[in-house]
Amino acid sequence: MSDTQKVAGRPSAAPPAVNSLDRYFRVSERGSTFGREIRGGFATFFTMAYILVLNPIILGSAKDKFGHQLDTGQLVTATALVACVMTIIMGVGGNLPLAIAAGLGLNAVVAFQLAPLMSWADAMGLVVIEGVLICVLVLTGLREAIMNAIPQQLKQAIGVGIGLFIAFIGFVDAGFVSRIPDAANTTVPVQLGAVGRLTGWPVLVFCLGVLLTIALLARRVKGAILISIVTMTVVAIVINAAADIKSWGLTTPKVPDKVVATPDFGLVGHFSLFGAFGETSAITVILLIFTLILSDFFDAMGTIVGISAEAGLLDEKGQVPGIGRVLFIDGAAAIAGGVGSASSNTAYIESAAGVGEGARTGFANLVTGGLFGLALFLTPLLTIVPLQAAAPALIAVGFLMMTHVKHIDWDRYEIAIPAFLTIAAMPFTYSITDGIGAGFLSYVVIKTVLGRAKEVNWLLWGVSALFLVYFAIDPVEQILGVK
């Protein structure tokens, strides 16, 4: 019998709490022990600790509209700080073994969709607005309406598309794929390596990292992504010391002068709530905010329900205990991510590792959050990881997100075509927003031509209308005489 089955089928008469801490977190009541909670907290941290490396690399590798890049050391601090605070708040306020950190996919939206159109402060301001709106949606009950507006399989397609987009970013960042220069006079946009073949030691590190990561994933090794990043960083350090390498890109792998350092909070509070509206059109800003909400809100819902089910915590109606409070905290995590310049934070599916070790309450979050707090002082150690050692994690995450494609009914063209366009458009246009827009518009059109327009929720009609304006913004502006 699995742990989930044991917990789900535990007797109604729970053993008495041994102390006030036990009583508050309901440790004994949920059939757990403090030992299991502590083990679970450690397991969750080490499974998701890769975000301390990956988030700074994703955000740090992008430039904003004005050519500015964020400091890697400050990003490590921001990532660890927000994860620490919000994971503990989720544990104390939500009492679920559900850790929080910068969301993969969400940080890609911020780095590659928002930043090129505005300043970093403006982009983080939109993240704050996104979080506020999510909290409002939770408080007003509109989350149910929005959840019902978008077909479940289209939501799955959005996740798959983001996965492919992330994987593509990983290939490009590592130098495995590069853009063919315009001088080559070819219509082929990308190629293998920098010159049509793989060259140099850094790319070899990436290739070995991919092989190691997929091997560990195939064997279902806990913490596979983190193990791969650490191992390949060590390999990169050795290679860098032994070989003559011109450049590793943003980060050169070498042994730091010190391991512990004072956290640099320079990015905390560096956001502008409404600056984005002065940098690009209002319709574009609205769609970008919608993209953040869509990616964050539904992913969080799936994660929260999935982890709660795995822990045997769903009630007889299949509902998460205190779901309103939990969702509100998740929305507040998005706000905190924007305020801290760490990108939108959200619940992590890797929390399943802690559940697998026996965690059933928010006490495990105190352990996980405490370890993120400790990481605040390890910035020198975390900033020696080169892109080539971390990028395999993006490939792995892309694969994991790609697995949701199995939930799409490819025999029903009314959903299969919009799903395909959603998935394909994201990596091909290098835009998550464009992929979502292509999916929504095609869904509405197909439903209409099939004579089933009434099946489309009015909210989806409204959003699709916005996307229509978004895609046709140039002729619309010309008609209106804007430019």
Side-chain angles (χ1 to χ4, degrees), residues 37-60 70-92 97-104 106-107 222-234 237 250-251 253-269 333 336-337 339-351 353-354 357 359 362-387 389-390 393 397:
E37 298 298 313
I38 292 172
R39 289 200 308 273
F42 270 93
T44 294
F45 174 77
F46 284 112
T47 303
M48 62 185 288
Y50 65 84
I51 195 62
L52 293 171
V53 175
L54 218 50
N55 193 51
I57 282 180
I58 291 175
L59 294 177
L70 299 178
D71 179 77
T72 301
Q74 293 178 338
L75 282 171
V76 172
T77 296
T79 303
L81 175 66
V82 179
C84 166
V85 173
M86 294 313 303
T87 294
I88 291 175
I89 289 177
M90 178 62 83
V92 175
L98 196 66
I100 288 177
L104 281 170
L106 290 166
N107 50 15
K222 294 180 180 179
I225 292 176
L226 181 62
I227 292 172
S228 174
I229 291 176
V230 172
T231 301
M232 296 318 300
T233 298
V234 173
I237 291 174
L250 291 173
T251 306
K254 59 181 179 180
V255 178
D257 296 329
K258 54 183 178 179
V259 175
V260 178
T262 303
D264 186 345
F265 298 98
L267 288 178
V268 177
V339 171
S341 295
S343 179
S344 184
N345 274 232
T346 187
Y348 256 58
I349 194 65
E350 283 85 353
S351 301
E357 290 293 332
F363 186 83
N365 277 30
L366 303 187
V367 177
T368 303
L371 291 171
F372 272 117
L374 180 63
L376 280 168
F377 302 92
L378 301 176
T379 301
L381 194 61
L382 296 170
T383 52
I384 65 171
V385 180
L387 277 170
V397 171

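Just so it is clear, the structure is predicted and the values come from calculations on it, not from any experiment. Just so you know, these numbers use all the heavy atoms, side chains as well, and skip hydrogens, waters and symmetry mates.
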Asks: Nearest 0.5 Å please: distance from the CG atom of Leu75 over to the OG atom of Ser341.
Replies: 8.0 Å
Asks: Indicate yes or no for a side-chain donor-acceptor contact from Asn365 to the backbone of Thr87 under 3.5 Å, with no hydrogens or angles considered.
Replies: yes
Asks: Does Phe42 CZ have over 12 foreign heavy atoms under 6.0 Å away?
Replies: no
Asks: Looking at Ala99 and Ser351, what are the two nearest heavy atoms and their distance?
Replies: N-OG, 2.9 Å
Asks: Give the intermediate values and the outcome of side-chain contact (heavy atoms from CB on, under 4.5 Å) for residues Val76 and Leu378.
Replies: CA-CA 9 Å; Val76 172; Leu378 301 176; over 6 Å; no
Asks: Which pair of non-hydrogen atoms, one from Gly40 and one from Ala359, has the smallest distance, and what is that distance?
Replies: CA-CB, 4.0 Å
Asks: Would you find a donor on one side and an acceptor on the other, under 3.5 Å apart, between the side chain of Asn345 and the backbone of Ser343?
Replies: yes
Asks: Under the side-chain contact (heavy atoms from CB on, under 4.5 Å) test against Val385, which residue among Ile237, Leu54, Val53, Thr72 passes?
Replies: Val53
Asks: Would a distance-only check, ignoring hydrogens and angles, find a side-chain to backbone donor-acceptor pair under 3.5 Å from Thr368 to Gly41?
Replies: yes
Asks: To the closest 0.5 Å, what do you measure between CG (Leu59) and CG (Leu70)?
Replies: 6.5 Å
Asks: Once rounded to the nearest 0.5 Å, what's the spacing between atom CE of Met86 and atom CZ of Phe372?
Replies: 13.0 Å
Asks: What's the spacing between Thr346 OG1 and Leu98 CG if we round to 0.5 Å?
Replies: 8.5 Å
Asks: How close do Gly369 and Cys84 get, counting heavy atoms only, and between which atoms?
Replies: O-SG, 3.3 Å
Asks: Please report the C-alpha distance between Ile38 and Phe363 in whole Å, then the side-chain angles of each, then the deciding distance to 0.1 Å, and finally whether the side-chain contact (heavy atoms from CB on, under 4.5 Å) criterion is met.
Replies: CA-CA 8 Å; Ile38 292 172; Phe363 186 83; 4.0 Å; yes
Asks: With rounding to the nearest 0.5 Å, note down the distance linking CD1 in Ile57 to CD1 in Ile51.
Replies: 10.5 Å
Asks: Might you point out which heavy atoms bring Leu104 and Tyr348 nearest each other, and give the distance in Å?
Replies: N-OH, 4.1 Å
Asks: Grab the two heavy atoms, one from Ala261 and one from Pro380, that are nearest each other, plus how far apart they are.
Replies: CB-CG, 3.5 Å
Asks: How far apart are the closest heavy atoms of Gly266 and Gln74, and which atoms are they?
Replies: CA-NE2, 3.6 Å
Asks: OG1 of Thr379 to CD1 of Ile384: how many Å apart, nearest 0.5 Å?
Replies: 12.0 Å
Asks: Judged by atom type as modelled, is there a donor-acceptor pair below 3.5 Å linking the side chain of Thr79 to the main-chain atoms of Leu52?
Replies: no
Asks: Between Thr233 and Ile229 (side chain of the first, backbone of the second, donor and acceptor by atom type, cut-off under 3.5 Å), is there such a pair?
Replies: yes
